[in-house]
Each structure stands twice: as C-alpha cells, then as structure tokens.
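Presented below is the structure to which this report refers.
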Amino acid sequence: MNIDKVFQDQLIKITQEAAISVYPHLGKNNKIIADEAATNSMRTNLNKMNIKGNIVIGEGEMDEAPMLYIGEKVGTNNGPEFDVAVDPLEGTNFAAKNLPGAISVIAVSGKNNLINAPESYMEKISYPSGIDQNAIDLDFSLKKNLSNLADSKNKRFESLRICILDRPRHKKIIDEAKSLNIDVKLITDGDVSGALLVTEEKHNIDLFLGTGGGPEGVLAASALDTYGCGFQGRFIFDTDELKKRANKMGINNFDKKYKLNEIVKGDSLFCATGITKGDLINGIELRSNKIVVSTLITHKSQNIKKIVIGEIDIKK
Ligand code: VTB
C-alpha cells in the first residue's frame, strides 16, 4: 500500500507543532516536562488525522506510558490503516540543556509494515547508498566493514569517518578506530540523527554504528530506506522480561540480525523537525513575527527526501 501524498503535509505539521511545543522548555533542565509537551502535542494532532493508526514504536509500553504507548490506537478511525512510530522528543537531554540536536520524529507505514518489538537496546549499523548489502555486517570487524566500504565507494580507507554514541560500551570500537587511524565523530545522544548522517555526502560520515535505542533504530530505518542507504539492526533482549514481551509480539529468535527491509516494509513516510540546531536539521528560529522550522521529510514511494522550511505566524 502506498501512502497518499496528502499525509506529507499533515505529518510535517505534526512534528512542527510538537517541536514548537518544546521551545518554552529549552534549557530548563527538565526533560520530563519537555517530553510531555511534545508527546501531548503529537498525540492530540495524530488523533485529528483521518487514519486508523496503531502505535508500534512509542513512549513505552502500556503499563509504563500514559500517552502514545505501544498498541495505542490513534486517529479518527476513519481512513487508511497505518503503523505509527513516534519519538516526540528525541534528545530529551539536548532539550533540557538547550544543546544542539533535539528533534521531533514520526514515521508511518501501511499496517504491519513496521517491526513490532518491545523497547530495548539495539546494535545497529547504517551506511550510504550504492553499497552491496553483503559488504557491511554487524558481525564484521570495523576494519572489514571499512575496507569493504572504501572499496565500494572508491575512497581511501584513511579518509573514512565513523559516527558512534559516546558510551563506555563502545570503547572497543572507538579504540579500534583510533588504531586504524579513522576519524570518529562522537555524539552524546540522538542516534536517529547519527544514523542518518550517512545519507548525504555533506555530513561527511561513512558509517554509523553501535548500540542505542531500538525505537530510534526503527525510526532511522524508515528514512534510510527512502535514501537507498543500508541498515542492519539486532535487538538486545537480555532479560527474561524483555524476552517474554518480545515473544508476545511474535519474536522467537532473540539474536536475529534484521535487514532494513525486515524492519520497514513497503512505503513509509518519515518526518523529523529540528528543535535545537543539529548536524542533520536546523533548529527552531524565532523571527520578529514568525517561527521558522525545518523538517526533513522522506517518502519512499514518492522518492521524496528534502528539507521543508515552515514559517508560522506568531499570534499576538
Ligand atoms: C540513544 C539516543 C537517545 O538514548 O538511543 C540513546 O538516540 C541510547 O541509550 O537520544 P543510553 O543513553 O542508555 O545509552 C538516548 O540518548 C536518549 O533516549
């Protein structure tokens, strides 16, 4: 099922409004309130859409999140059936501290086309378009992935740059990169944006990897698919509780490596609006009588991947 173009503007508006709702909370050191504002805004607006939406990636599971929990139905119940993945405020720390990189994100696909998994960590790797699917693998060494990448892209090995979350768990990868003389861009949070830095040459990232949030991996996969980029993910179900939840959602192989088209199938539409200026998207700018917001939109069936600038009048 292809997603109708009319939903592009509707989704852009939803992430724009969620982003704007965070603005008053920037730098106030309260990530819970900032997240609540974005979640409230996103939920209210999703419920105005003429869709039968099912949240597959949300703010948590039913017993832990009051809004936009996994399994929550959204929309007027009138219209196409969509799977909906949301991260109303990706980079809650960034927003709380008014640091670069906070975004508001949503992705939709046709029913049952986004993977259904409990919230857990995920090992992930993303890479640019035009590379053979078998050349890059979560289980290859960094050296092997990078030399395959260098060969495919016709680039010098030493000129490659990787991006990874700055976490102690990544010490081995970061040390290996150093020993290979590979430049590393460390990010403190926000690995949806991190994973998407491989989409365009201008970001100067050849490989994103490491362990981060599973939901963030699924969201990034949607945009990566439209860009024709590569992605692999493996959920980390390391407790009995997670295994039980995964099982309930139809997952029996807990160590499975998912290819991009096993995470996102068919058409998908992705929107991310910048809140604070980041590497991927500009943040909210206040002009005398306008709010200017930038949104990255990708829509697979329409081959759309672009930044849309919105100007919203400030009502007196
Ligand atoms: C990432 C990042 C998020 O969590 O998924 C990360 O994208 C992973 O978790 O912005 P840890 O912080 O536990 O390592 C965030 O940083 C916050 O949700």
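FYI, the numbering just counts along the sequence from 1. Note that ligands are numbered from 1 as they come in the structure, with each ligand's atoms numbered from 1 the same way.
- Under 4.0 Å from ligand 1, the heavy atoms of Leu165 that appear belong solely to its side chain.
- The side-chain heavy atoms of Thr273 and Ile281, taken from C-beta on, include no pair separated by under 4.5 Å.
- A salt bridge does not link Asp206 with Arg161: every distance from a Lys NZ or Arg NE/NH1/NH2 to an Asp or Glu carboxylate oxygen is 4.0 Å or more.
- Scanning the protein for heavy atoms near atom 12 (O) of ligand 1, the closest one is Arg167 NH2, 2.9 Å.
- When each of Thr211, Asp189, Thr188 is checked for a side-chain hydrogen bond (donor to acceptor under 3.5 Å, both in side chains) with Arg167, only Asp189 meets the rule.
- The ring of Phe231 has its center no closer than 6.0 angstrom to the ring center of Tyr258.
- Among protein heavy atoms, the minimum distance from atom 13 (O) of ligand 1 is reached at Tyr121 OH, 2.4 Å.
- Other residues, nucleotides and ligands contribute at most 12 non-hydrogen atoms within 6.0 Å of the CD1 atom of Ile32.
- Here the heavy atom of the protein found nearest to atom 1 (C) of ligand 1 is Asp191 OD1, 3.5 Å.
- Using a 4.5 Å heavy-atom threshold, the side chains of Leu46 and Val84 count as touching.
- Using a 4.5 Å cut-off on side-chain heavy atoms (C-beta onward), Lys185 and Ile162 make no contact.
- The shortest N or O to N or O distance between Glu90 and ligand 1 is below 3.5 Å.
- Residue, atom and distance of the protein heavy atom nearest to atom 18 (O) of ligand 1 are Glu216 OE2, 3.7 Å.
- In terms of polar-atom proximity, Asp189 is counted as a contact of ligand 1, with an N or O under 3.5 Å from an N or O of the ligand.
- At a heavy-atom distance under 4.0 Å, only side-chain atoms of Arg169, from C-beta outward, approach ligand 1.
- Taking all heavy atoms of Gly190, Gly212, Gly213, Gly214 into account, the minimum distance to atom 2 (C) of ligand 1 is reached by Gly190.
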